[in-house]
**Q** 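Sending over a structure as structure tokens; questions will come in a sec.
In what follows, chains are A, B, ... by sequence order, proteins preceding strands, each numbered from 1. Remember, predicted model here, so these are calculated numbers, not experimental data.
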Amino acid sequence: MSIGYACILFGVAGCSFKACKLSNADEDNLRILAKNNLVILDRIIEYNIENNIKLFRISSDIIPFGSHPINQLSWRIEHKDLLDKIGGKIKEYRMRVSMHPGQYTVLNSPDPSVVNNAIRDLNYHARFLNALDTDASNKIVLHIGGVYGDKEKSIERFIENFYTLKEDVKRRLVIENDEKSYNISDVLKIGNHINIPVIFDSLHHIINPPSQSLSQYEWIKLAQATWKEEDGRQKIHYSQQAPEGKPGAHSKTIGIMEFMDFYNNLDGDLDIMLEVKDKNLSAIKCIICTADHLQAHLLEREWAKYKYLILSHSQSCYLEIREMLKNKNYLSAQNFYEKIEEGINSEPSKGSYINAAQHIWGYFKNYAEAKEKERFIKLLQKYNEGESEITPIKTFLLKLAIKYREEYLIQSYYFT
DNA sequence: TGACGTCAAGATCCG
DNA sequence: CGGATCTTGACGTCA
């Protein structure tokens with residue numbers, strides 16, 4: 001079983017993709033951006049390896065305008081070395097990757113030009129996964145599309161258009177239930193008909209359930225039957241509702257209690273793709289909590305990154321977690337993360353913010369320049385008197401952390 | 001015609 | 001001027 005996350009790293013500096021607008025997508029720009037994004041992808045893959053993350057979705061934006069006629073670059077040839085390097089790492093560490101064209105790639109549209117664009121987009125995704133030399137278990141995830149007032153006809157159109165796809169696309173294509181039109185029952189019918197795997201998406205299923213009253217675990221079992229040997233392990237999407245968001249909005253982080261409850265009721269070996277705002281952070285959390293054995297050293301590593309964030313929200317949670325980590329015999333990863341979540345969810349007070357800022361200042365106070373000290377005191381005073389927010393203090397402290405090369409601080413989630 | 005979702009570019013605002 | 005914050009873009013469907 002693997003647990004992974006989608007597309008981008010959260011809370012890691014220097015790892016974001018670059019993009020451009022169609023209006024300035026000239027050859028030079030596209031070439032520079034593609035190169036940049038592949039270098040970033042390589043870093044992300046390195047990060048995944050370091051953190052034992054073996055499931056990852058590659059962003060469709062990796063090659064800017066990769067499926068648009070404006071991009072005529074032979075990026076596979078130009079960046080062959082880099083692609084080989086990345087593909088080699090993925091294979092060596094047995095990482096499984098995927099791609100997921102968004103809601104605007106619609107294979108079943110009645111408009112032939114929309115279908116044409118969808119096919120072009122699917123071809124691009126297959127080209128990219130081929131360029132990394134990955135096998136057919138590295139999937140392209142697609143939604144069925146629109147309904148256009150007649151679901152049966154629209155399903156037929158999806159099936160017809162599916163058969164026109166290149167073998168390279170078909171062997172990687174998997175379909176997913178969506179939150180609006182095609183529920184898991186619809187998608188299973190299609191998947192079984194054209195003999196391709198089905199991804200069960202947990203949150204879409206809650207928002208758009210089929211009329212049959214089966215449990216989510218029974219639907220997952222039915223989806224499992226659509227995954228063949230060459231498709232690799234069954235994969236599902238898991239996300240939680242953002243408490244104050246619109247229905248379907250992904251939560252900030254994966255609530256570990258709810259996740260473990262879901263996880264413990266699963267049976268069979270499957271891969272779980274998390275869809276969540278804090279991306280890699282939730283993936284690491286869920287991987288550590290579902291490990292066969294407690295890995296206390298990993299919790300220590302996690303604590304190093306979370307501690308100042310927690311301190312800035314709640315000193316009591318900070319102290320409780322510190323205590324927790326001292327008693328290794330009673331340590332539980334789930335308890336650790338539950339406390340982390342409690343800390344993050346506590347409303348910070350002026351005092352807790354100032355306290356954390358002073359802790360961090362402690363790293364610099366012996367060698368900071370006089371005017372830096374002066375600036376820190378002034379910022380703190382302004383914040384204390386309600387004349388500014390906490391942000392300028394955080395920004396200033398991050399600058400110092402970078403200047404004085406305090407790696408420990410630079411990696412802290414306090415700054416994200 | 002605007003909302004939907006996603007991310008970063010681009011624009012604008014602020015001290 | 002640099003940094004923080006708001007708006008736009010690219011895609012297609014649907015109310």
**Q** So, for A/Val106 and A/Gly145, which heavy atoms are closest and what is the spacing to 0.1 Å?
**A**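 Scanning both residues, the minimum pair turns out to be CG1-CA, 3.9 Å.
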**Q** Please say whether more than 12 non-hydrogen atoms of neighbouring residues, nucleotides or ligands are located less than 6.0 Å from CD in A/Glu389.
**A**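 Count not over threshold, so no.
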**Q** Rounded off to whole Å, could you give me the CG-to-C1' distance for the A/Asp150 and C/dC14 pair?
**A**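 Rounded to whole Å, this separation is 16 Å.
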**Q** Could you tell me the separation between the NE2 atom of A/His68 and the C1' atom of C/dG12, rounded to a whole number of Å?
**A**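 In whole Å, C/dG12 C1' lies 14 Å from A/His68 NE2.
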**Q** Base, sugar-phosphate, or nothing for A/Asn24, non-hydrogen atoms under 4.0 angstrom?
**A**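 The residue A/Asn24 makes sugar-phosphate contact but no base contact.
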**Q** Rounded to whole Å, please give me the gap between CG in A/Asn208 and P in B/dC4.
**A**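 Roughly 18 Å, once rounded to whole Å.
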**Q** Which nucleotide sits closest to the side chain of A/Ala19: B/dA9, C/dG12, B/dT6?
**A**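 The closest nucleotide is B/dA9.
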**Q** B/dA3, OP1 or OP2 - any side-chain N/O from A/Lys180 closer than 4.0 Å?
**A**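 For B/dA3, neither OP1 nor OP2 has a side-chain N or O of A/Lys180 closer than 4.0 Å.
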**Q** Could you pick out which residue, A/Leu33 or A/Gly248, lies toward the 5' side of DNA chain B when each is mapped onto its nearest nucleotide?
**A**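 Nearer the 5' end of the strand: A/Gly248.
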**Q** To the side chain of A/Lys18, which of B/dA9, B/dG5, C/dG12 is closest?
**A**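 The listed nucleotide nearest to A/Lys18's side chain is B/dA9.
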**Q** Please report, rounded to the nearest Å, how far the P atom of C/dG3 is from the CD1 atom of A/Ile402.
**A**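 Taking CD1 of A/Ile402 and P of C/dG3, I get 11 Å after rounding.
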**Q** So that I know where these two stand, are A/Tyr363 and A/Tyr404 an aromatic pair - ring centroids less than 6.0 Å apart?
**A**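 Aromatic pair excluded; centres sit 6.0 Å or further apart.
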**Q** Where is the tightest heavy-atom contact between A/Lys403 and A/Glu369, given as atom of each residue plus distance?
**A**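 In this case the closest contact between A/Lys403 and A/Glu369 is NZ-OE2, 3.1 Å.
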**Q** Relative to the 5' end of DNA chain C, which residue comes earlier, A/Val106 or A/Thr391, by the nucleotide with the nearest heavy atom?
**A**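 On the 5' side of the pair lies A/Thr391.
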**Q** Under 4.0 Å between a side-chain nitrogen and a carboxylate oxygen: does that hold for A/Asp84 and A/Lys80?
**A**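 Looking at A/Lys80 together with A/Asp84, the answer is yes, because their closest N to O distance falls below 4.0 Å.
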**Q** More 5' along DNA chain B: A/Asn29 or A/Lys279, using each one's nearest nucleotide?
**A**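 The residue closer to the strand's 5' end, by nearest nucleotide, is A/Lys279.
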**Q** Between A/Asn117 and C/dC11, is there a contact of a side-chain N or O with OP1 or OP2 at under 4.0 Å?
**A**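 It does not, given that no N or O in the side chain of A/Asn117 lies less than 4.0 Å from OP1 or OP2 of C/dC11.
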**Q** Of all the nucleotides listed (C/dA4, B/dG10, C/dC14), which has the minimum atom distance to the side chain of A/Thr395?
**A**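 Given the options C/dA4, B/dG10, C/dC14, the side chain of A/Thr395 is closest to C/dA4.
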**Q** When you get a sec, tell me which of B/dG10, B/dT6, C/dG12 is the closest nucleotide to the side chain of A/Lys21?
**A**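 Of B/dG10, B/dT6, C/dG12, B/dG10 is nearest to the side chain of A/Lys21.
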**Q** Check the distance between C/dC14's C1' and A/Tyr182's OH and give it to me in whole angstrom.
**A**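 In whole Å, C/dC14 C1' lies 13 Å from A/Tyr182 OH.
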**Q** Think A/Arg375 forms a cation-pi with A/Phe396, using NZ or CZ under 6.0 Å from the six-ring centre and within 45 degrees of its axis?
**A**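 Yes, a cation-pi geometry.
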**Q** Side chain of A/Tyr148: nearest nucleotide among B/dG10, C/dT13, C/dG3?
**A**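 Ranking B/dG10, C/dT13, C/dG3 by closest atom to the A/Tyr148 side chain puts C/dT13 first.
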**Q** Once you round it to whole Å, what is the distance between P of C/dA4 and CD of A/Glu389?
**A**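 Atom-to-atom, A/Glu389 to C/dA4, this comes out as 13 Å.
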**Q** If you look at every strand shown and take non-hydrogen atoms under 4.0 Å, does A/Ser16 touch a base, only sugar-phosphate, or nothing?
**A**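 Sugar-phosphate contact only - A/Ser16 comes under 4.0 Å of backbone atoms but never of a base.
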**Q** Given that A/Tyr104 and A/Val147 both sit by DNA chain C, which one's nearest nucleotide is further toward the 5' end?
**A**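 With A/Tyr104 and A/Val147 compared, the 5'-side residue is A/Tyr104.
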**Q** Side-chain N or O of A/His250 versus OP1/OP2 of B/dG5: is the shortest distance under 4.0 Å?
**A**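 It does not, given that no N or O in the side chain of A/His250 lies less than 4.0 Å from OP1 or OP2 of B/dG5.
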**Q** What's the closest nucleotide to the A/Ser109 side chain, out of B/dA9, B/dC4, C/dT13?
**A**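 Selected nucleotide (nearest to the side chain): C/dT13.
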**Q** Given B/dC7, C/dT13, B/dA9, identify the nucleotide with an atom nearest to the side chain of A/Ile8.
**A**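 Of B/dC7, C/dT13, B/dA9, B/dC7 is nearest to the side chain of A/Ile8.
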**Q** How long is the line joining NZ of A/Lys246 and C1' of B/dG5, in whole Å?
**A**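 That distance rounds to 10 Å.
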**Q** For A/Asp178 and C/dG12, what is the distance between atoms CG and P respectively, to the nearest whole Å?
**A**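 Answer to the nearest Å: 17 Å.
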